[in-house]
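Written below as structure tokens is the structure these notes are about.
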Amino acid sequence: MQQPEELYELDLAAPDVEGAPILVHLDGFMDAGAAGRLLTEHLLDTRDHETIATFDIDRLVDYRSRRPVMTFDEGRWSAYDQPELKVDVLTDASGRKFLLIDGPEPDHEWELFTTAVRSLADRLGAGTAVNYFGVPMGIPHTRPLGVIAHGTRPGLVTSKAKLPRKLEVPGSAASLLELRFGEAGRDAIGFAVQVPHYLSQAAYPTAALALLESLREATGLDLPDGSLKDAEETTNSLIARQVSESTEVAELVSGLEQQWDAANAHDGENLLADDEEMPTADELAAQFEQFLAEQQGGENPEN
């Protein structure tokens, strides 16, 4: 029988992280606006951190479906961008430690992976697990972003967006991890920030900031947001310029605003007004993607 401890290697000299929250961002399932990725990169770029555990990536990832990048230079292969699924320990602005699991979502052995993460959390004495990402919604960028929150027990977290009573969706390793943590009596939380669907393929720092604020409230971590706010200001200026330069885009955004306002006038029961035609993601996304790419030179707006 396979043992979960065989799936990861833990540094025996790892610092004491008793009670530390475990943040989880697995790349590959869904992340509208690159919200989870932007937040993860922000944390790693701005907080002191060290890797204390790594997972056996060869067992978990299907390289043929997500081929790593290799560099061919001057007649020979010179580099291989090897994927990593790792656990870092970070320190917030007040000196409190927290953990971050970051890397590609496993393609294989989800059950063993979730058991391995729980084993790792038990060995380290870690606390609540929190996963986060972005989801596309038919909402305008000119209104506050909602954050759907859920937890493994009542009262663990309060959602800032209306939750459906029941929903069946494709599974993810992070969602399974939350489920299995709850079944084992461990606290786990999930955050999904609602991103305007026409910005779902662009990097949207406003969504990352919404996730950051949710993390702060749920964990008590002191996490500065300066660089994300700078990126938000730049990106939102570009978006406002695009809207002002295109009558078609402005009309579509105005239609979404009317739908949003109508829905919220009735406690958010319906995101679509009955007499409004919903713009498709393609109608707006193509124009915004091209515009933002041209203005940013194809670079991450946080840089």
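The first residue in the sequence is number 1, and the count goes up from there.
Partners of Leu156 under the side chain to side chain contact (heavy atoms under 4.5 Å, CB included) rule, at least two apart in sequence or in another chain, are Thr152, Arg153, Asp187, Ile189. Residues passing the ring-ring contact (aromatic ring centres under 6.0 Å, His included) test with Phe191: none are found, sequence neighbours excluded. In this view, Leu12 and Arg123 satisfy the side chain to side chain contact (heavy atoms under 4.5 Å, CB included) rule, not counting sequence neighbours. Residues forming a salt bridge (Lys or Arg N to Asp or Glu O under 4.0 Å) with Glu217 (at least two apart in sequence, or on another chain): Lys160.
Residues Leu99 and Ile101 share a single hydrophobic cluster, defined by chaining ILVMFWY side chains whose heavy atoms lie under 4.5 Å apart. Grouping the Ile, Leu, Val, Met, Phe, Trp and Tyr side chains by contacts below 4.5 angstrom, directly or via other members, places Leu23 apart from Val89. Put simply, Leu215 and Leu90 are part of the same group of oily side chains (I, L, V, M, F, W, Y) that touch within less than 4.5 Å, one to the next. Linking ILVMFWY residues whenever their side-chain heavy atoms come closer than 4.5 Å, directly or via other members, places Trp260 and Val243 in the same cluster. Under the 4.5 Å side-chain contact rule for hydrophobic residues, Tyr63 and Leu26 share a cluster.
Using a 4.5 Å heavy-atom threshold, the side chains of Val253 and Tyr198 count as touching. Counting only heavy atoms from C-beta outward, the side chains of Val193 and Val135 never approach each other to under 4.5 Å. Counting only heavy atoms from C-beta outward, the side chains of Pro136 and Val195 never approach each other to under 4.5 Å. Side-chain contact between Glu111 and Leu176 is present, with heavy atoms from C-beta onward closer than 4.5 Å. Two residues are said to be in side-chain contact when any heavy atoms from C-beta on lie closer than 4.5 Å; Asp11 and Thr54 fail this criterion. Annotation: side chain of Thr128 is not in contact with side chain of Ile22 (no heavy-atom distance under 4.5 Å). Looking at heavy atoms from C-beta onward, Pro4 lies out of side-chain contact with Thr114 at the 4.5 angstrom threshold. When side chains are defined from C-beta on, Leu44 counts as touching His49, because their heavy atoms get closer than 4.5 Å.
In this structure, CG in Leu43 is found 6.5 Å from CG in Leu100, a value given to the nearest 0.5 Å. Once rounded to the nearest 0.5 Å, the distance linking CD of Glu109 with OG1 of Thr115 reads 10.5 Å. Going from atom CG of Leu177 over to atom CG of Asn131 covers 7.5 Å, rounded to the nearest 0.5 Å. Atom CG in Leu112 sits 5.0 Å away from atom CG in Leu7 (nearest 0.5 Å). Here the CG atom belonging to Asp102 is positioned 8.5 Å from the CD atom belonging to Glu41, to the nearest 0.5 angstrom. One distance of note links NE2 of His25 with OH of Tyr132; it measures 6.0 Å at 0.5 Å rounding.
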task: Any chance you could lay out the side chain to side chain contact (heavy atoms under 4.5 Å, CB included) test for Leu10 and Leu120, step after step, and finish with the verdict?
output: CA-CA 8 Å; Leu10 174 64; Leu120 188 60; 3.8 Å; yes

message: The test is side chain to side chain contact (heavy atoms under 4.5 Å, CB included); show your working for Gln258 and Asp261 and say whether it passes.
response: CA-CA 5 Å; Gln258 294 175 34; Asp261 293 341; 5.8 Å; no

- prompt: Passes side chain to side chain contact (heavy atoms under 4.5 Å, CB included), Arg143 versus Glu257? Steps please.
  reply: CA-CA 7 Å; Arg143 298 294 186 266; Glu257 290 173 338; 3.7 Å; yes

field: side chain to side chain contact (heavy atoms under 4.5 Å, CB included) between Arg59 and Glu6, worked out
entry: CA-CA 11 Å; Arg59 289 181 56 175; Glu6 297 175 359; 4.3 Å; yes

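No hydrogens or angles considered: nothing links the side chains of Thr234 and Ser237 as a donor-acceptor pair under 3.5 Å. For the residue pair Glu232 / Thr206, a side-chain donor-acceptor distance below 3.5 Å is found, with atom types taken as modelled. Side chains of Asp88 and Thr51: a donor-acceptor N/O pair is present below 3.5 angstrom, by distance only. For the 3.5 Å distance criterion, the side chains of Tyr204 and His141 fail to qualify, holding no donor opposite an acceptor. Side-chain polar atoms of Ser227 and His42 form a donor-acceptor pair below 3.5 angstrom.
Heavy atoms only, all atoms of each residue included: Ala149 and Ser159 are closest at N-OG, 3.1 Å. Across Met30 and Phe133, no two heavy atoms sit closer than the pair O-CB, 3.5 Å. Across all non-hydrogen atoms, the minimal contact from Ala208 to Leu39 is CB-N, 4.0 Å. Shortest non-hydrogen contact noted between Pro224 and Leu212 is O-CD2, 3.9 Å. Phe181 and Ala188 get closest at one heavy-atom pair: CB-CB, 3.9 Å. When all heavy atoms of Asp31 and Gly36 are compared, the pair lying nearest together is OD1-N, 2.8 Å.
Counting non-hydrogen atoms of neighbouring residues, nucleotides and ligands closer than 6.0 angstrom, the CD atom of Glu233 reaches no more than 12 such neighbours. Annotation for Glu9: atom CD does not count as buried by contact number, only 12 or fewer foreign heavy atoms lying within 6.0 Å.
Distance alone, capped at 3.5 Å, is enough to place a donor-acceptor pair between the Glu105 side chain and the Ala173 backbone. A donor-acceptor contact shorter than 3.5 Å is absent between the side chain of Arg216 and the backbone of Leu221. Side chain of Ser175 to main chain of Gly171: no donor-acceptor pair is present (N/O by atom type, distance under 3.5 Å, no hydrogens or angles). A donor-acceptor contact shorter than 3.5 Å links the side chain of Asp92 to the backbone of Asp222. Checked by atom type and distance alone, the side chain of Asp107 pairs as donor or acceptor with a backbone atom of Asp62 at under 3.5 Å.
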Report, one line per pair, each donor and acceptor closer than 3.5 Å where one atom sits in a side chain of residues 72-85; sequence neighbours left out.
unit_1	atom_1	unit_2	atom_2	d
Ser78	OG	Thr71	O	3.4

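Among pairs with a residue in residues 104-126, those fulfilling ring-ring contact (aromatic ring centres under 6.0 Å, His included) read Phe55-Phe113, at least two apart in sequence or across chains.
Partner of Arg186 under the side chain to side chain contact (heavy atoms under 4.5 Å, CB included) criterion, chosen from Glu178, Arg118, Arg180: Arg118.
By the 4.0 Å N-to-carboxylate-O rule, Arg241 lies close enough to Glu245 to be salt-bridged with it.
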